[in-house]
Amino acid sequence: MEHNMKVAIIGSGHVGLVTGACLAEKGHQVVCIDNNQAKIRMLKAGRMTIYEPDLLKLVKKNYRAKRLTFTTKISTGVKSAEVIFIAVGTPLGETGAADLTQLERVAREIAEHLPPSRKGKSHYKIIAEKSTVPVQTGENVKACIKRYASPKAQFDIVSNPEFLQEGTAIKTTLQPDRIVIGVESKRAARVMCKLYETFGAPIIVTDINSAELIKHASNAFLAMKISYVNALANICELAKADVHKVAQGIGTDKRIGLSFLKAGIGYGGYCLPKDVAAFAHIAERLGYPFNLLYEVQRINRDQRTRFVKKIEDELWVLKDKTITLLGLSFKPDTDDIRESPALEILRELLAKGARIRAYDPKSCAQVKKVLAHKMLTYCNNLYVAAKGSHCLVIATDWAEFKQLDLKRLKKVMTHPTIIDGRNIFEPERMKKAGFTYRCIGRPYEQIADRK
Ligand code: UGA
């Protein structure tokens, strides 16, 4: 490749690692940095710290080609790279604000290693925020670096937010809908556009504050769409309408769009919940109470409570009932259980005395680390999990669940009841197969009666 550049990425979590592997795949020379020695050792040995389809293959391929390397030393990356990404975690702090401790520490460390430019020898560097941060963080990063770096260090701060989706992270990084670059100088814009020139995606160049805001505003908008459709689903249940039809009916209007209109048990994961909270917090701090976002959060919380009530409505007393729980991760094709709605439901069912047989294609091991309970059995097969159960609850829409053999399932269950939190089946088909089937916003009886 003609324009291959030297890139350092600090923080080798989901975002850092995927970004590193994808930039290397595009021909750039990338060093991924993390202060967790065990993680770096694993990556060097060709083992993954997270499950993400195709990531291992991409990492191995580019590691072998020597376009992707790993280290624990920030100094190594800072010295050689033209673009230094900060991709560390910005978790939710106790007050609802984003906790920027790691970001500040990394900024300081970068500053200490920034080489001074001399006459005839420029060491211009770009320090790019990849981590999701509240608007105006760039100003603080810049001030921090200025404070700790040599006065002769030459650098620009850039905001280059990440829009990858877990489970399809490689595709959403290599073929993004858009790339957003927030800059303060034409020089920085030129370097960043060069870095992404082979991605074939529209590049939106803005100021830093706008780029930071775009990230929070995007995730909050997606969360709002999900809460909107979940509120619609609740109205559909009361009005005996079908949320699938309603979502299709509104979503085919191009101004609204069909995606992120799947009703269910609410959004989870590491990003949407924390970003909605952090966005509401920064808006309030700036002097604008963004009450719409509080309502989005309330609907989301409520959706889980309503779902557990739906299970209770069907089974009456949960104590000593055997319930099969399908799905533990916050969405399919990932082993990520952070803020997973499935986990919240699991905890609630256990608290109500139910006996749970849980199955997830990838994330049982993650859940085992945080949850052990005498009434909870982890199963390594869907049908084993369903054995002797009074009710099967679907909490994550893994493709495997959509393909399950209904006849076989019916044979192994004590009662053929399915409560589906992700609307993966057609109610009429389930009725024909002899199941009592409850889902979200699709009144089963009414649809069946219409026939
Ligand atoms: C989200 C955004 O979609 C990405 O664009 C962003 O880059 C990322 O956060 C981030 O900030 O890093 P992700 O957390 O991977 O990506 O998950 P989503 O695909 O957005 O799903 C979030 C949750 O919403 C899941 O629990 C999912 O099951 C739920 N969801 C999604 C619904 O309930 N209904 C839908 O229609 C869509």
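Every residue was checked against the ring-ring contact (aromatic ring centres under 6.0 Å, His included) condition with Phe425, not counting sequence neighbours, and none meets it. With sequence neighbours left out, the side-chain contact (heavy atoms from CB on, under 4.5 Å) criterion links Gln165 to Thr168, Thr172, Phe260, Lys331.
One finds no salt bridge joining Glu339 and Lys274 here, because no Lys/Arg side-chain nitrogen approaches an Asp/Glu carboxylate oxygen to under 4.0 Å. A salt bridge links Lys262 with Asp397: the closest approach of a Lys/Arg side-chain nitrogen to an acidic carboxylate oxygen falls below 4.0 angstrom. Arg338 and Glu166 are joined by a salt bridge, as a carboxylate oxygen and a charged side-chain nitrogen come within less than 4.0 angstrom of each other. Ion pairing between Glu104 and Arg108 holds under the 4.0 Å rule for side-chain N and carboxylate O. Using a 4.0 Å cut-off between charged nitrogen and carboxylate oxygen, Glu295 and Arg298 count as a salt-bridge pair. We find that Glu344 and Arg304 are joined by a salt bridge, their nearest charged nitrogen and carboxylate oxygen being less than 4.0 Å apart.
Between Tyr51 and Asp335, the shortest heavy-atom contact is N-OD1, 3.3 Å. The minimum heavy-atom distance linking Ala169 with Leu164 is given by the pair CB-CD1, 3.9 Å.
Here the side chains of Leu23 and Leu195 are in contact, with some heavy-atom distance below 4.5 Å. For the pair Glu162/Val15, a side-chain contact is recorded, criterion being any heavy-atom separation below 4.5 Å from C-beta on.
Checked against the 6.0 Å centroid criterion, the rings of Phe155 and Tyr124 do not qualify as a close aromatic pair.
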Go through it in stages, so that I can follow the logic: the residues are Glu52 and His14, the test is side-chain hydrogen bond (donor to acceptor under 3.5 Å, both in side chains), and I'd like the CA-CA distance, side-chain angles, deciding distance and then a yes or no. CA-CA 8 Å; Glu52 175 65 48; His14 220 118; 2.7 Å; yes
Apply side-chain hydrogen bond (donor to acceptor under 3.5 Å, both in side chains) to Tyr359 and Glu400, showing your working. CA-CA 11 Å; Tyr359 170 72; Glu400 185 184 335; 2.9 Å; yes
Residue pair Asn35, Thr72: steps toward the side-chain hydrogen bond (donor to acceptor under 3.5 Å, both in side chains) verdict: CA-CA 5 Å; Asn35 61 2; Thr72 52; over 6 Å; no
Check the pair Lys61 / Glu25 against salt bridge (charged side-chain N to carboxylate O under 4.0 Å, His left out), numbers first and verdict last. CA-CA 8 Å; Lys61 176 183 164 198; Glu25 178 68 12; 2.8 Å; yes
Worked verdict on Arg442 versus Glu237 for salt bridge (charged side-chain N to carboxylate O under 4.0 Å, His left out): CA-CA 6 Å; Arg442 309 192 74 190; Glu237 285 182 8; over 6 Å; no
Decide yes or no on side-chain hydrogen bond (donor to acceptor under 3.5 Å, both in side chains) for Gln154 and Ser122, but give the supporting numbers first. CA-CA 8 Å; Gln154 244 190 321; Ser122 162; 3.0 Å; yes
Test Asp313 against Lys310 for salt bridge (charged side-chain N to carboxylate O under 4.0 Å, His left out), laying out the working first. CA-CA 5 Å; Asp313 285 348; Lys310 205 174 275 234; over 6 Å; no
Kindly indicate, with the supporting measurements, whether the criterion ring-ring contact (aromatic ring centres under 6.0 Å, His included) is fulfilled by Tyr270 and Phe330. CA-CA 9 Å; Tyr270 184 61; Phe330 83 98; 9.6 Å; no
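In the model, Arg178 has a side-chain atom that pairs as donor or acceptor with a side-chain atom of Ser218 under 3.5 Å. At a cut-off of 3.5 Å, with distance as the only test, a side-chain donor of Glu284 or Tyr294 sits close to an acceptor on the other residue. Residues Tyr196 and Asn160 bring a donor and an acceptor atom of their side chains to less than 3.5 Å of each other. For the residue pair Asp360/Ser363, the side-chain donor-acceptor check at 3.5 Å is satisfied. Thr137 and Asn140 share no side-chain donor-acceptor pair at under 3.5 Å.
In this structure, Asn423 CG and Cys439 SG are separated by 4.5 Å, a value rounded to the nearest 0.5 Å. Annotation: the span from Asp34 atom CG to Ile9 atom CD1 amounts to 11.5 Å, rounded to 0.5 Å.
For Asp177, the CG atom counts as loosely surrounded, since its 6.0 Å shell holds 12 or fewer non-hydrogen atoms of other residues, nucleotides or ligands. Around CZ of Arg285, the count of heavy atoms belonging to other residues, nucleotides or ligands within 6.0 Å does not exceed 12. Within 6.0 Å of OH in Tyr228 there are 12 or fewer heavy atoms belonging to other residues, nucleotides or ligands.
For Glu82 (side chain) and Lys125 (main-chain N/O), no donor-acceptor pair under 3.5 Å exists by modelled atom type. Using modelled atom types, no side-chain atom of Ser131 and backbone atom of Gly89 make a donor-acceptor pair closer than 3.5 Å.
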